S.K.: 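Sharing a structure here in structure tokens format.
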Amino acid sequence: MGNKEGKRILTIDQGNTSVKAVLWENGVPMDWLRIYSLNIEELLPLLSAGELHGCAYCSVCHTDAKFLETLRRLVDGRLLMLTPNVDLPVRVEYATRGSLGNDRVAAALGASVLIPGEAALVVDAGTAVTIDLVDCEGNFLGGNIAPGMRLRFKSLSYETSQLPMVDENGDMPEFGCDTMSAIRCGVVGGMVSEIADAFRRASELYGCSRIVITGSDGNVLAPLLEKRGLPVLMDPDLVGRGLLSFYEYNVSGVSARRN
Ligand SMILES: Nc1ncnc2c1ncn2[C@@H]1O[C@H](COP(=O)(O)OP(=O)(O)O)[C@@H](O)[C@H]1O
Ligand SMILES: CC(C)(COP(=O)(O)O)[C@@H](O)C(=O)NCCC(=O)O
Ligand SMILES: [K+]
């Protein structure tokens with residue numbers, strides 16, 4: 001099946017909180033699901049949309065071998081897993097490639113597809129927030145890991161006697177005026193400042209020209225970063241986009257490789 005004839009590829013990104021599955025057709029996201037456990041039944045809406053060319057998968061948690069075997073059969077063996085040993089079209093500069101989250105690699109690849117030729121600061125605001133450097137050739141240069149938004153709210157409430165569990169929904173003044181807004185602004189405003197400062201340094205040191213942001217909390221952070229005048233590109237499917245590019249690279253390449 002050629003790309004122009006409607007080639008459908010499923011990408012699955014298994015994070016610590018949720019699984020993001022995207023159905024791509026000719027490089028365009030046609031449908032998606034966010035689910036909290038990975039099984040074939042939950043994926044049926046995407047699996048039953050028509051014949052799949054294949055699937056690309058990455059995970060930062062335990063992987064269910066039985067699930068993967070079933071999925072592999074469904075796509076006639078064309079299941080590619082992004083692991084530390086695969087071929088990539090970019091370099092990964094990290095001293096411990098074996099322990100690097102493959103979602104970070106996929107997000108970096110996604111950014112290099114989204115804004116080719118531009119160095120970027122790639123932010124994935126999920127359970128943890130990762131802030132990574134990608135150079136203008138798409139190479140992964142490293143980055144930082146910090147607690148994600150919910151983790152911050154949770155830790156304040158769990159580790160203190162007086163602080164309630166708060167979330168991002170509500171007033172967001174520059175400085176808090178009651179307990180709820182003080183926590184909300186401390187957590188969310190703190191994350192915005194963290195990313196803004198990392199971007200300032202990444203621009204000075206690595207010529208990064210854009211913040212590419214993804215993850216479930218990306219939609220909260222992106223407008224606030226924009227409000228500070230920063231060049232932000234929000235892509236909820238960034239990791240999937242990277243997985244798709246990894247799939248195309250390996251399957252269309254001369255030395256197609258399966259895992
Ligand atoms: N039902 C939910 N349970 C947990 N977190 C949620 C939920 N809905 C939204 N979130 C937000 O999603 C974030 C986790 O993002 P997600 O993209 O699912 O992470 P991961 O990629 O680590 O699985 C949390 O910080 C939280 O703010
Ligand atoms: C940093 C992460 C926990 C982020 O995962 P997520 O929040 O998306 O579930 C994950 O990329 C991971 O487990 N990384 C391993 C350590 C590393 O990247 O160096
Ligand atoms: K993340």
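Computed from a prediction, not measured in an experiment: that's the story for all the values here. What's counted below: heavy atoms across the whole structure, side chains too, no hydrogens, waters or symmetry copies. Atoms within each ligand, like the ligands themselves, are counted from 1 in listed order.
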S.K.: Where does C61 meet ligand 2, judged by heavy-atom distances below 4.0 Å: at the side chain, the backbone, both, or neither?
M.R.: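 Near ligand 2, C61 shows nothing, with every heavy atom at 4.0 Å or more.
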S.K.: Between ligand 2 and G148, can you find any atom pair, the residue atom being a heavy atom, that is separated by under 4.0 Å?
M.R.: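 In this structure, G148 fails to qualify as a contact of ligand 2 - no heavy atom is under 4.0 Å.
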S.K.: Consider ligand 1: state whether an atom of it lies below 4.0 angstrom from any non-hydrogen atom of K20.
M.R.: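 Contact present.
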S.K.: Regarding atom 22 (O) of ligand 1: of the candidates T130, V187, T127, which has the closest heavy atom?
M.R.: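 Result: the heavy atom closest to atom 22 (O) of ligand 1 is in T127.
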S.K.: Within a distance under 4.0 Å of any heavy atom of N16, pick out the atoms of ligand 1 and give their elements.
M.R.: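 What qualifies from ligand 1 is 20 (P), 22 (O), 23 (O).
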S.K.: List the closest protein heavy-atom neighbour of atom 2 (C) of ligand 1: residue, atom name, distance to the nearest 0.1 Å.
M.R.: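 Result: Y36 OH, 3.8 Å.
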S.K.: If you measure every N/O of D217 against every N/O of ligand 1, is any gap under 3.5 Å?
M.R.: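 N/O-N/O distance under 3.5 Å: yes.
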S.K.: What protein heavy atom is closest to atom 5 (N) of ligand 1, reported as residue, atom name and distance in Å?
M.R.: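 Of every protein heavy atom, R150 CD, 3.3 Å lies nearest to atom 5 (N) of ligand 1.
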S.K.: May I ask you to identify, for T17, whether its side chain, its backbone, both or neither come under 4.0 Å of ligand 1 on a heavy-atom basis?
M.R.: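 Both the backbone and the side chain of T17 come within reach of ligand 1.
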S.K.: Are any of the N/O atoms on T130, whether in the backbone or the side chain, positioned under 3.5 angstrom from an N/O atom of ligand 2?
M.R.: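 The answer is no, given that T130 and ligand 2 share no N or O pair closer than 3.5 Å.
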S.K.: Is there a nitrogen or oxygen of G101 sitting under 3.5 Å from a nitrogen or oxygen of ligand 2?
M.R.: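 The answer is yes, given that G101 and ligand 2 share an N or O pair closer than 3.5 Å.
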S.K.: Is there a heavy atom of R34 sitting under 4.0 angstrom from any atom of ligand 1?
M.R.: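 Judged by the 4.0 Å heavy-atom criterion, R34 does count as contacting ligand 1.
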S.K.: For the pair S193 and R228, evaluate side-chain hydrogen bond (donor to acceptor under 3.5 Å, both in side chains) and give the outcome as yes or no after the intermediate values.
M.R.: CA-CA 10 Å; S193 297; R228 293 202 187 179; 3.2 Å; yes
S.K.: Mind reading off the angle at the K ion (ligand 3) between the O atom of A128 and the OD1 atom of D124, rounded to 10°?
M.R.: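 With the K ion (ligand 3) as the vertex, the angle is close to 110°.
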